[in-house]
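A short worksheet on the structure shown next.
Just so it is clear, the structure is predicted and the values come from calculations on it, not from any experiment. Computed over heavy atoms, backbone and side chain alike; hydrogens, waters and symmetry mates excluded. So that the names make sense, note that chain A is the first sequence line, chain B the second, and so on, each numbered from 1.
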Amino acid sequence: MPGFIPRGTNQLNSMSNRVEESPQAPADEDFQLVLSCRKGEIEAFEVLVEKYQKKMLNLAYRMIGDYAEACEVVQDGFLSAYRSLKKFRGEARFSTWLYRIVINLSKNRRKQIQTRGARELYSIDARGHREEGPLRMDPPDPGPSTLERMEKKEVDARVQGCINGLDSEYREVLVLRDIQGFSYEEIRDILKVPEGTVKSRLFRARDALKDCLKKVLGDL
Amino acid sequence: MECRDVRKNLSAYLEGMVSPEDKELIDQHLGSCRACSKALYELNRTGEVIRNLPEVEPPPGMKQKIMARVREEAEPTKGFIQKLFYPLHIKVPLEALATVLIAVIAVYVFKAVEPQMKDLQVPSVREPVIARQEAPYPAKAPAAEPRAPREKSVLQETPGKARVKDFAAAPPSPPAPAGVAPTGEDKRVLAEGAVRAKKELKKAQPAAPSLRMAAKTKPGGMRMVVQARDIRHAGQEAVSLLNQLGASRIDRLSRESNEVITAELKTEKIKELVEKLRLLGEVQEKDATVASLEKDATVRIEIIPGR
């Protein structure tokens with residue numbers, strides 16, 4: 001498959017472009033809105049909510065794996081951001097700061113959910129990242145044509161199940177890089193971990209996810 | 001390069017993050033290793049699957065929900081916290097101004113009420129002062145005051161005033177310095193004094209209503225009986241006569257059978273009075289103790305029908 005590698009490379013690289021923000025202008029715009037919020041202009045915060053609610057929801061949803069819970073986390077995240085606006089000094093971009101808040105809230109929410117034992121989770125690999133609680137092993141799919149036969153919705157659910165099964169430190173880099181499309185630099189800023197650590201975690205997360213997908217979907 | 005090393009670097013290889021040397025080695029290995037090529041394919045497919053995950057849309061009204069909570073958060077901050085923690089450069093002068101205003105109002109109110117307060121305090125202030133003056137000399141005070149003058153003063157004054165006068169006449173009591181609180185013994189004496197003062201007041205009160213009775217019993221008075229044809233007319237004449245002579249406390253009592261007039265008259269005028277009364281009728285002097293009388297004598301003229 002000689003043409004596969006370049007295509008794959010391009011595909012993975014293209015994922016990084018899903019967050020389409022030019023580096024400077026929106027940041028400045030966001031900061032101006034933040035300044036307006038501090039002066040008591042709530043409407044300015046509404047602009048920020050409008051702008052980021054979908055991105056935050058998708059991040060929370062992929063992190064938690066539950067739509068309703070994700071919606072609550074996003075609401076809490078915006079409220080928490082509003083309360084802490086005075087602490088925001090503009091050193092990082094507003095979006096980076098907001099993503100960090102939502103990620104942390106998502107991780108906490110997931111822990112709560114797992115403590116309650118209310119969620120059905122999937123194990124993704126034999127090595128077993130099971131620090132977050134007992135995960136339910138899904139039976140491997142028998143036939144090679146399962147992926148074609150399955151409804152798209154079902155496939156998505158199983159993929160999400162595999163993501164859910166990842167340890168949180170792997171899951172967050174995978175979601176930020178391969179789903180949200182952030183650069184390594186941005187991920188480093190959001191998670192406040194060195195870039196090398198981000199990469200090594202990401203590569204391990206991809207391997208783990210690949211193994212899980214093979215189990216739940218059959219041959220890829 | 002071994003399969004294990006190649007697998008480890010497949011992700012970096014896909015992202016073009018390996019050095020050109022490593023890339024060449026991996027390319028060479030992938031060309032000859034079917035398993036590693038398959039792994040690369042699967043990794044690539046994993047990327048595709050994840051990328052194909054649909055984006056979820058926020059539920060309708062999520063922004064409104066967020067903003068409602070944000071406004072809820074913002075409003076109490078404006079309403080309560082900002083009022084409580086007003087900027088100091090506004091808050092401090094405001095508080096200072098309020099304090100001054102309260103002080104000014106308090107002074108005005110006090111000044112307005114002060115005159116009324118004085119009126120209210122009068123009786124309550126005098127009593128303890130009187131009692132206290134007398135207190136150190138509970139036994140001496142009555143002895144120093146003769147009985148007769150006391151009764152006289154009671155007759156002349158209202159009961160309340162008489163009481164004040166009596167005690168004011170008592171010797172002053174300097175031993176207790178002003179402003180020093182009385183000792184336990186002092187307090188007891190003080191109380192005794194107050195009780196005695198009340199008793200004396202009770203004694204004095206029955207005497208006050210009947211002036212005539214008091215005049216009758218008074219020693220050193222003069223009593224005259226005048227026989228006149230017209231007792232009414234003679235009575236009027238006697239009263240006008242007493243007025244002319246400068247008598248005081250003239251009291252006239254008209255009865256069917258007689259007229260009784262009492263008055264206080266200077267001793268030296270009594271002779272003149274007797275002479276002028278003779279013009280009205282026959283005068284009989286019953287108690288002729290004029291010589292022993294003091295400056296003012298009580299005169300009792302009884303007019304009875306006669307020739």
Side-chain angles (χ1 to χ4, degrees), chain A residues 1-2 4-9 11-15 18 37 40 42-43 45-46 49-50 53-58 61-62 67-68 70-71 74-79 82-83 147 152-153 155-156 159-160 163 174-175 178-179 181 199 202-204 206-207 209-214 217 219-220, chain B residues 4 6-18 23-24 26-31 33-34 36-79 81-82:
Chain A
M1 291 179 275
F4 166 75
I5 295 170
R7 190 168 66 95
T9 307
Q11 281 170 349
L12 280 172
N13 280 337
S14 70
M15 286 196 288
R18 286 174 74 174
C37 291
I42 296 178
E43 295 72 24
F45 195 74
E46 198 166 356
V49 172
E50 178 69 42
Q53 63 170 344
K54 189 177 172 182
K55 288 173 185 170
M56 296 304 149
L57 179 65
N58 276 280
Y61 175 58
R62 295 303 168 196
Y67 184 77
C71 288
V74 171
Q75 289 181 40
D76 292 348
F78 274 110
L79 195 67
Y82 182 81
R83 284 173 183 157
L147 197 56
K152 172 90 170 70
K153 216 174 173 181
V155 173
D156 291 343
V159 174
Q160 182 62 49
I163 296 170
L174 186 92
V175 170
D178 290 349
I179 298 177
K199 284 176 184 169
L202 177 69
F203 300 156
R204 287 195 66 187
R206 282 175 182 164
D207 280 340
L209 187 67
K210 182 193 76 178
D211 293 344
C212 177
L213 288 179
K214 276 166 72 179
L217 300 175
D219 284 342
L220 289 168
Chain B
R4 203 178 61 182
V6 171
R7 299 273 174 96
K8 212 172 137 186
N9 286 305
L10 277 181
S11 249
Y13 174 81
L14 276 172
E15 292 205 35
M17 288 166 62
V18 290
K23 187 182 180 300
E24 203 181 321
I26 292 167
D27 281 341
Q28 278 177 9
H29 181 84
L30 288 171
C33 181
R34 201 177 168 84
C36 284
S37 289
K38 194 187 173 196
L40 181 66
Y41 169 78
E42 286 168 350
L43 195 63
N44 208 12
R45 278 289 294 149
T46 301
E48 278 178 21
V49 169
I50 299 173
R51 192 191 58 190
N52 286 332
L53 282 174
E55 282 192 319
V56 290
E57 291 294 326
M62 187 166 89
K63 187 179 84 178
Q64 284 72 22
K65 272 186 191 172
I66 293 168
M67 289 315 295
R69 287 175 70 181
V70 165
R71 286 197 177 91
E72 222 170 79
E73 189 82 10
E75 273 168 17
T77 308
K78 269 191 171 180
I81 302 290
Q82 280 192 2

Using the salt bridge (Lys or Arg N to Asp or Glu O under 4.0 Å) rule, take B/E15 and A/R206 through it: C-alpha gap first, then chi angles, then the decisive distance, then the call. CA-CA 12 Å; B/E15 292 205 35; A/R206 282 175 182 164; 2.5 Å; yes

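- Of the two parts of A/Y82, only the side chain, counted from C-beta on, holds a non-hydrogen atom closer than 4.5 Å to a non-hydrogen atom of chain B.
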I'd like to know whether A/K55 forms a salt bridge (Lys or Arg N to Asp or Glu O under 4.0 Å) with B/E55, so could you lay out the CA-CA distance, the side-chain angles of the two residues, the decisive distance to 0.1 Å, and finally the verdict. CA-CA 9 Å; A/K55 288 173 185 170; B/E55 282 192 319; over 6 Å; no

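- Other residues, nucleotides and ligands contribute over 12 non-hydrogen atoms within 6.0 Å of the NZ atom of A/K152.
- For A/N58 (side chain) and B/V56 (main-chain N/O), a donor-acceptor pair under 3.5 Å exists by modelled atom type.
- When A/I42, A/V74, A/L174, A/V175 are compared by the number of non-hydrogen pairs under 4.5 Å with chain B, A/I42 comes out ahead.
- For CD of B/E24, the number of neighbouring non-hydrogen atoms (other residues, nucleotides, ligands) closer than 6.0 Å is 12 at most.
- For the atom pair CE (A/M56) and CE (B/M62), the distance works out to 10.0 Å, reported to the nearest 0.5 Å.
- For the pairing with A/L209, the side chain to side chain contact (heavy atoms under 4.5 Å, CB included) check across B/L43, B/T46, B/V49 returns one residue only, B/T46.
- The two residues A/L57 and B/P59 have their closest heavy-atom pair at CD2-CD, 4.2 Å.
- Using a cutoff of 4.0 Å between basic side-chain nitrogens and carboxylate oxygens, B/R7 and A/D207 are not scored as salt-bridged.
- A/K210 NZ to B/L10 CG: the interatomic distance, rounded to the nearest 0.5 Å, is 7.0 Å.
- Chain B forms the most heavy-atom pairs under 4.5 Å with one residue out of A/C71, A/A70, A/G77, and that residue is A/C71.
- In this structure, the separation between CD on B/E42 and CG on A/D211 is 8.0 Å, given to the nearest 0.5 Å.
- Side-chain atoms of B/V70 and A/L79, non-hydrogen and from C-beta on, do get closer than 4.5 Å to each other.
- Options B/K8, B/K65, B/E57 differ in how many heavy-atom pairs under 4.5 Å they form with chain A, and the most are formed by B/E57.
- A/D156 has its side chain within reach of B/P54: a pair of non-hydrogen atoms, C-beta onward, lies under 4.5 Å apart.
- In this structure, the separation between CG on A/L217 and CZ on B/R45 is 9.0 Å, given to the nearest 0.5 Å.
- Only the side chain of B/M67 has a heavy atom closer than 4.5 Å to any heavy atom of chain A.
- Looking at B/M17 and A/F203, their side chains come closer than 4.5 Å, going by heavy atoms from C-beta outward.
- What you find for A/Q53 and B/K63 is that their closest heavy atoms are OE1-N, 3.6 Å.
- With values rounded to the nearest 0.5 angstrom, A/Q75 atom CD is found 5.5 Å from B/R69 atom CZ.
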